[in-house]
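This report concerns only the one structure given below.
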Amino acid sequence: QVQLVESGGGLVQAGGSLRLSCAASGSIFSINAMGWYRQNPGKPRELVAGFTSGGYTNYADSVKGRFTISRDNAKNTVYLQMNSLKPEDTAVYYCNVVVVRTSRTGLYEYWGQGTQVTVSS
């Protein structure tokens, strides 16, 4: 199995910064894709930023220029640096990874437990 541990959420004032981390561990042969999504009650989960299988990065238009996704391959960890935070960034943020497990039986998708980010005005 694969486990994801998220950290770094919290309460911050508008204009402030937070850094989210997500560490993947377990039966991982390789990581195909990693990213961050967010969700508010009653709304669909949306992509915030992610690395594709080709190594490219994608960002939601609403966070371009403010958020930066990065990764440490040696640690199987993905980060999301969030600067110039706005109240509309408030949401539960979820880490998402797609891996090839050590069994080499295909691609598997996993989600973190979610971490709350609250931006006060």
Query raised in the report: How long is the span from the CZ atom in R104 to the OG atom in S27, to the nearest 0.5 Å?
Result: 12.0 Å
Query raised in the report: So, Y59 side chain and I69 main chain: donor-acceptor pair closer than 3.5 Å or not?
Result: yes
Report summary line: Output for pair (T90 OG1, Q116 CD), nearest 0.5 Å, gives 7.0 Å
Query raised in the report: Passes side chain to side chain contact (heavy atoms under 4.5 Å, CB included), L85 versus Q13? Steps please.
Result: CA-CA 8 Å; L85 281 160; Q13 288 188 332; over 6 Å; no
Query - Smallest separation among heavy atoms of A14 and S121, with atom names - result: CB-CA, 4.4 Å
Requested in this report: Kindly indicate whether the side chain of V100, heavy atoms from C-beta on, has any atom under 4.5 Å from the side chain of L107.
Outcome: yes
Query - Min side-chain heavy-atom separation Y108-V97 under 4.5 Å - result: no
Query raised in the report: Is there a path of hydrophobic side-chain contacts, each under 4.5 Å between heavy atoms of I, L, V, M, F, W or Y residues, that connects V99 with W111?
Result: no
Requested in this report: May I ask whether M34 and V2 are part of the same hydrophobic cluster, defined by side-chain heavy atoms of I, L, V, M, F, W, Y residues being less than 4.5 angstrom apart, directly or through others?
Outcome: yes
Report summary line: On a heavy-atom basis, the closest approach of G112 and L4 is N-CD1, 3.5 Å
Report task. Please name the pair of heavy atoms, one in S17 and one in Q81, separated by the smallest distance, quoted to 0.1 Å. Result -> CB-NE2, 3.9 Å
Query raised in the report: Side chains of R38 and N40: is there a donor and an acceptor less than 3.5 Å apart?
Result: no
Query raised in the report: Can Y110 be reached from L80 by stepping across I, L, V, M, F, W or Y side chains whose heavy atoms are under 4.5 Å apart?
Result: yes
Query - For the student: nearest non-hydrogen atoms of T105 and S103, plus distance - result: OG1-OG, 2.9 Å
**Report entry** Stepwise side chain to side chain contact (heavy atoms under 4.5 Å, CB included) test for Y94 and L20
**Finding:** CA-CA 10 Å; Y94 295 91; L20 305 183; over 6 Å; no
Query raised in the report: Got a sec, which hydrophobics cluster with V5, joining ILVMFWY side chains under 4.5 Å apart, including via others?
Result: none
Query - Heavy-atom check, side chain of T68 versus side chain of Y79, under 4.5 Å - result: no
Report summary line: Nearest heavy-atom contact between G114 and V92 is CA-CG1, 3.8 Å
Query raised in the report: Can you check whether W36 reaches C95 side chain to side chain, under 4.5 Å on heavy atoms?
Result: yes
Report summary line: Rounding to 0.5 Å, atoms CD1 (I31) and CG (N76) come to a distance of 3.5 Å
**Report entry** Single-linkage hydrophobic cluster, 4.5 Å side-chain cutoff, V63 and Y37 together
**Finding:** no
Query raised in the report: Hey, is K86 close enough to D89 for a salt bridge, meaning N to O under 4.0 Å?
Result: no
Query raised in the report: Would you say V48 and M82 make side-chain contact, with heavy atoms under 4.5 Å?
Result: no
Query raised in the report: Can you tell if the side chain of E6 reaches within under 4.5 Å of the side chain of Y93, non-hydrogen atoms only?
Result: no
**Report entry** Main-chain N/O of K75 paired with T77 side-chain donor or acceptor, under 3.5 Å
**Finding:** yes
**Report entry** Approximate separation, where rounding is to 0.5 Å, of Q113 CD and S7 OG
**Finding:** 9.0 Å
